[in-house]
Each structure stands twice: as C-alpha cells, then as structure tokens.
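A note on names: the letters A, B, ... follow the listed sequences, proteins ahead of strands, and every chain is numbered from 1.
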Amino acid sequence: MEVGTSCLHKKYTSNGLSCCIVDPRSSWKRKIGTLSGFEQYPLFRGRRNSIWGTVRCASLGSGLYPKPRRRPTPIPGNFDVGPDLDDGRLAKSANSGLCQQIENLVFFRRYREALELFEILSSRDGGSDGGGGDVVGLSTYDSLVSACIGTGSVGDVKMVFRHMLETGFEFDQYMRNRVLLMHVKCGMIIDARQLFEEMQERNIVSWNTMISGLVDAGVYEDAFRLFLLMWEECSAASARTFASALRASAGLGIALSGRQLHSCVVKMGLSTDTFISCALIDMYSKCGCISEAQWVFDEMPEKTVVGWNTIIAGYALHGYSEEALDLYYEMHDSGVKMDHFTYSIIIRICARLASLEHAKQAHAGLVRNGFGLDIVANTALVDLYCKWGRMDDARNVFDKMPKKNAISWNALIGGYANHGQGNEAVNMFERMLKEGFVPNHVTFLAVLSACSYSGLFDKGWQYFESMTHKHKIKPRAMHYACMIELLGREGLLDDAFALIREAPFSPTANMWAALLTACRVHKNLELGKLAAEKLYGMQPEKVGNYIVLLNIYYSTGRSAEAAKVLETLKKRGLRLLPACSWIEIKKQPYRFLFADKSHPESDEIYRRLDELMEHLVEMGYSPNGKSLLPDVGAHEEQASIYHSEKLAVAFGLTSTPNGTSLQVVQGHHICQDCHTVIKLITRVTGRYIVIRDASRFHHFRDGSCSCGDYW
DNA sequence: TTAGGGTTAG
C-alpha cells in the first residue's frame, strides 16, 4: 500500500470508520510499515514482539467489556444547579436525584463536587441505586468521565471505573472510547494501553485517542508505530490522526517522517486544516527546519493565534529571539488576540534577550488581558525576574500565584541557587516538601547546585542521599557533577575523583569538567591533567578542551606533548578562533577581536580596561577559574568570556559595590555551521547583559550562515 | 450522533 498513491483513493470517511478486528493480537504480529518509505527508518524496523514493545501492562483483568447492548435512555433533567447546591449541600428536591445533580455539577465544571457526590452515591448499598431511585446510567458515567478528565486524578478514575465494572455497566463503543480517553488524559497510559489492547472493536476515535495518548505520554516511537498499524488495519486516518502523528514526529525530531506526513496531508486535501497547519509548523520547527515552518505559516489561509504562537515559539526555540520578537509585533499589528500561550512564549524570549523593557510590556499585557493567574506564564515570569537577579520581584510573582506546581518551585529555587542565596533555596525546597509538592530531578539539580554554590556541604549530601532513598529519583550525571563540585570546593579532590569512579554510569564530560574546575582552584595539576585528557577524549571536536590541555602541558613545561596536541588540532581541521566581543550602544553594534588594535581609540580603550580590572581586583573580583595556566596566544570560548567581561566593565555596564564577581551564566549560542559562538549573555552583579550578539547578522532566516562575510 | 486534533513555563 502506497500512501502517496493508491491508498489515498481507498474508502475514507472523515467522520469515522469502524474497524472490526476479530483477533487483534494475531493481526499485531503482522509486518508493519505499510506507509511508503517509513520502513527505511531504523526506528520503525526490527524486532517487535507486540505493538507496545517491551512495556509491561498493569493487570486489569481480561474481558473488561461485555458485549455492547443498546444504550440506556439518558435521564432527563434540568441543567440548573439550583441554590441549594450552591450552598454546598445536597439537593433536597424530590424529583432531583443524585445522578442528575452530578451531571449538573459537571455541566458547570464543578468536577470535584460532582465526584464527591458520586463517592457518597457509590458508598450506598447496591451502588447502582442512587438512593433516590436513580440508576447510574450512561449519561451520568459520561459526566463522571468528564469530571475525572477535569481533575486529572488517578484515584477518581479508579473509583469511577471500578463502579462501572462492579455494577455490570454495559459499554458501547462510545463509552469504551470515553473510558479509554479518561485513562489517557489522567496519565494512566499503561492501563490505557491494556484497555485498547483488549478492545474487541475499535473505530477511528479509539485509534486517535490511543495515538494521541501515547504522544502525550512522550512515547513517540510507539505512537508512530500505532499510527502505521492504523493505516494497515483501517486504511484510514483523519485530520486528528495526522495531527497526532505530526506531534510524534516532532517529538522524535525526525523531519523525514514529518515531511512524508506533510505529503500525505496535501494529497488528502487536509493541508488547509488549521490544526494540521499548526502541527506542521511545530513539527518543522522542532525538527530544525525553521524555513519550512515559516513556509507553512505563510501558506495558512487564516493565521490563528495558535499558528502565530507556534511559529514564534519555533524561532525562539532555535535562538532567533529577535526574529521571534519581530513576529510577535507583527502578530500584534495583525489584530489577532493574544492568549496566555503567547505571553508565556514572549516572557521566555524576554528572559533570554535580557530585555527588561519588552518583559515589562509582556507582563503588563498578561495582566491586562486577564491571564494574570496563568500558571505557565507566571512561572515564566518568576524565571525572568530570577534571571534578572530581581529576586524580590520573582518572589512576589511566585507568592501571588494561586496555583503552583513543581516547575514553578523549580524556577524559584533555581533562581536563588544561581544568585548564591543557598540558604533561601534550601528553605524554599523544605517548604515545597512541606506543602506536599513532589520534587523531580530538576528540583534536586537546583537545590544541589545551591548547596554547592553556597558551600552547604552537609545539606548537599543529605539531599543527594535522599534522592535515592526517600524520593526514589535516580541521580543523573548533572547531580553527580554538582556533588563533585561540592567536594571540590571543600578541596576534597580525591573524594570527588572517587565519586566519579563510583558513579553507576560512565562519567560524563560535565563530571570531568567539574573535577577540572576544582583542580584549577586547588592547583592539582596531576588530577587536572587527567580530567582534561578525559574531556579531550570525549569531545574530540571541542576546541576548548584542547586549549585546556595545551595550557596544562605548557605550564608543566611539556612542550613536546603540547606540540602533539597542536598537530592533532591541525589534522582534524580545527582552528582556534580569535576571541571576539560585541556590544550594542545606541543600537549600534561594536565588535572587538582579541588583542584588536584596529579601533582608532584602542590605546585609550585598553588603558581604561586595565584600570578597571585593577579596580575590580582591588574590590575582590577574581578572574581566576577560567584558566589555570598561561594563555597560549590563540583563544576560543574561554578566553572570549574573559575578554567580554573586561569589555562589560570598560563600558560601565557594571557596578561592583562589594567586590562581586562577574559570571557567565547563560551559556552560548553556537552556530551549527561554523561552530562560532554567536551569542553570549553575561551576568554582571545580578543584571543580565547580552554581551555578544551576532545572531541578527550571523544567520539569515533561511538558515544560511553568513559568518564568512562577517568574519 | 455522541467521543478523538495544534501552541506555553523549570
């Protein structure tokens, strides 16, 4: 069956196609991959014992669904909740049963109350009798399914589903799909898999629900497999199916499969569907094809708010923050009403651009347009203020949030950690636990780095050990790196090295880098050399590692080894780029190369730089930690960071009232074509400053690299 | 017939 040709002319109904499968298990053993070309990807090839691979399914018993029968007649009723319910008490009206009240509550989205009422009902004798003569029928169960989806509670799902089974409720296709959806939406993907597997009859909605659920659960590979199987079993797919399959492609980051889906969509005449267009934009941008995403966006007949959001998020995802901001203003001019998604995206872009002016406008717009309580946008705001070092503002936004989740806590704890307020980070972490929030690996990364940064040695170890024993979270490489840093700060280099060897996985570059940093500080050349050599072996393309190794060899007088390193560099075609900094003054970018003397006032600039550095050192600033050993003349990232810091000082971008340090915290945006650092953000006394930003003239929107011209 | 689809935060 060729998707691109004949199969598209097969019988296809957009409203749904019933697919009767006599023995699903036997059919699942058949070869998959009927879509033209999909077989070529290793991901979708090879062993497959079952459609779910090796995932174990929780036992729900078999034969959950008896043979369908005619649906019970819905209970008629008035959808007005009534004043007695508003008081939180049960209705006493003689003709208003509990079932009806449950349905009414759900209609008004009062899910929790509806489920509490159902709990009372189900605890009564018989279960199926609602006390007032009510029979829990399809319409009530349907409402309860909506209530469970609304609360997202696993306990509620179990309660409702158990009641359905115990009372002998007879499921029809509609209710089978609704129950499947209930499990999927509440994150019970293993149970949902089994329910789907045990379905004796499935229609297009069942397939779509399951595929979408797998995508939601992040099991993209299985979602795509199921999509392929659907094609084989049903020869049909709707726009909804493609939307989910595109999400799976986006999750996998496989542009080729996404392109094939795009081709299918066009041939099926679905390319004007708004949902499909948005899914395509998202898929292309997440697969790194931003120009194709832009093309799909341009072709959208009606550009919806989701379309705008998706393309803006796409540009932001690839570091094109200025372009994303331009699009945001274009969106504003187009008259499309922004939603809470828009503000969340924009606030994050502002955080990255270090643009307080735009951030303030976005914050104001968020509140003005009624999204001031949105958890995602507020979390983005907390992160933004943290990045700006405005911890009071961050805390203020956080405290006013009506609902919080682990991500919100992580943003704040991480903020305190990054600003050296280790004790505050630890206090917030303790409060998070006390309030019943479940920490995750990001939380521990934040709190461990806080302990490391602030020298809270005992606390750090206590939390690190609690990860495994109390919270059942397996420490990852970054957690180990934090602990290595923690030990390193105490000068316990042998213990740090022992931790690397004892890790239950192969040491990563981050772990060796943490050890190397500690070795620099404590002048342990032997161990430092070992760590640098490990890094050199693990990241052979990273020029920075060669520099470190070169520095170590030069400092110990090992010129022969140093020469070998330089030779290796030459063989590999790696070149040491001169350090370069940009700074924007009154919208005019200025560029300075390392040791650059081309500026007409360079003598004055360097004199001023030296003066300022002396002044900074007097106040306690220490530029160490960047290089243990003398420079070798040619520089790359490490040297350029130091260069940028000096430049920041030279242009008066810092005030160091109490001898604070300058620290690069934002990482680098590196050109994928030429591996040049095109953007660098430096934090200077709590302020975030874009100290180097070549992105607007480095790349064009079609992705071509302009570094040849620029350099 | 109902039910199933796209974008956001650490």
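For the pair K286(A) and dT8(B), the criterion of a side-chain N or O lying under 4.0 Å from OP1 or OP2 is met. Residue K185(A) places at least one side-chain N or O under 4.0 Å from the OP1 or OP2 atom of dG5(B). Distances shorter than 4.0 Å separate some side-chain N or O of R348(A) from OP1 or OP2 on dA9(B).
Contacts of residues 471-479 of chain A with DNA chain B (heavy atom under 4.0 Å): none.
Put simply, CD1 on I311(A) is 15 Å from C1' on dT8(B), counting in whole angstrom units. Between Q173(A) atom CD and dG4(B) atom C1' there is a gap of 12 Å when expressed in whole angstrom units. Distance F297(A) CZ to dG6(B) P: 19 Å, rounded to the nearest Å. In this structure, CE of M230(A) is placed 12 Å from C1' of dG5(B), rounded to the nearest angstrom. If you measure from atom CZ of F275(A) to atom C1' of dG6(B), you get 6 Å, rounded to the nearest angstrom. The CD1 atom of I346(A) sits 12 Å away from the C1' atom of dT7(B) (whole-angstrom rounding). Rounded to whole Å, atom C1' of dA9(B) lies 15 Å from atom CD1 of I413(A). Protein atom CD1 of I204(A) is 15 Å distant from nucleotide atom P of dA3(B), rounded to whole Å.
At a threshold of 4.0 angstrom between heavy atoms, the contacts of N177(A) include nucleobase atoms, whether or not backbone atoms are also involved. Within the nucleic acid shown, N440(A) comes within 4.0 Å of at least one base atom, counting heavy atoms only. Using a 4.0 Å heavy-atom distance criterion, T310(A) is classed as a sugar-phosphate-only contact. Note on N405(A): a base of the nucleic acid sits closer than 4.0 angstrom, heavy atoms only.
Nearest nucleotide to the I276(A) side chain, out of dG5(B), dT8(B), dA9(B): dG5(B). Nearest to the side-chain atoms of I375(A) among the listed nucleotides dT8(B), dA9(B), dG5(B) stands dA9(B). Candidate nucleotides dA9(B), dG4(B), dG6(B) were compared by shortest atom distance to the side chain of A243(A), and dG6(B) ranks first. Of the candidate nucleotides dG4(B), dA9(B), dG6(B), dG6(B) has the atom lying nearest to any side-chain atom of T274(A). Considering only the side chain of Y174(A), dA3(B) comes nearest among dT7(B), dA3(B), dG4(B). Proximity note for A279(A) (side chain, C-beta onward) versus dG6(B), dT7(B), dG5(B): the nearest is dG6(B). Closest approach to the L181(A) side chain among dG4(B), dA9(B), dT7(B) is made by dG4(B) (side chain taken as heavy atoms from C-beta onward). Side chain of R240(A), nearest nucleotide from dT7(B), dG10(B), dG5(B): dG5(B). In this structure, the nucleotide among dT7(B), dA9(B), dA3(B) sitting nearest to the side chain of N309(A) is dT7(B). Listed candidates were dG4(B), dA9(B), dT7(B). Nearest to the side chain of V306(A) is dT7(B).
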(Q) The test is salt bridge (Lys or Arg N to Asp or Glu O under 4.0 Å); show your working for E221(A) and R225(A) and say whether it passes. (A) CA-CA 6 Å; E221(A) 194 179 325; R225(A) 281 200 181 115; 3.0 Å; yes

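Between R348(A) and D383(A), none of the side-chain N atoms (NZ, or NE/NH1/NH2) sits under 4.0 Å from a carboxylate O, so this pair counts as no salt bridge. A salt bridge does not link K434(A) to E430(A): none of the charged side-chain nitrogens sits closer than 4.0 Å to a carboxylate oxygen.
When atom types are taken as modelled, the side chain of S452(A) and the backbone of L448(A) share no donor-acceptor pair closer than 3.5 angstrom.
The salt bridge (Lys or Arg N to Asp or Glu O under 4.0 Å) analysis of residues 271-293 of chain A, with sequence neighbours excluded, yields the pairs R259(A)-E292(A), D282(A)-K286(A).
Side-chain atoms of N203(A) come within donor-acceptor range of the base of dA3(B), with a qualifying N/O pair under 3.5 Å. For dG6(B), the base has a donor-acceptor partner in the side chain of T304(A) [N/O atoms by modelled type, under 3.5 angstrom].
Nearest heavy-atom pair across C386(A) and M391(A) is SG-CE, 3.7 Å. Closest heavy-atom contact between I281(A) and A293(A): O-CB, 3.6 Å.
With a 6.0 Å cutoff to the six-membered ring centre and a 45° limit on the axis angle, R202(A) counts as a cation-pi contact of F196(A).
Rounding to the nearest 0.5 Å places CH2 of W409(A) at 4.5 Å from CE of M428(A).
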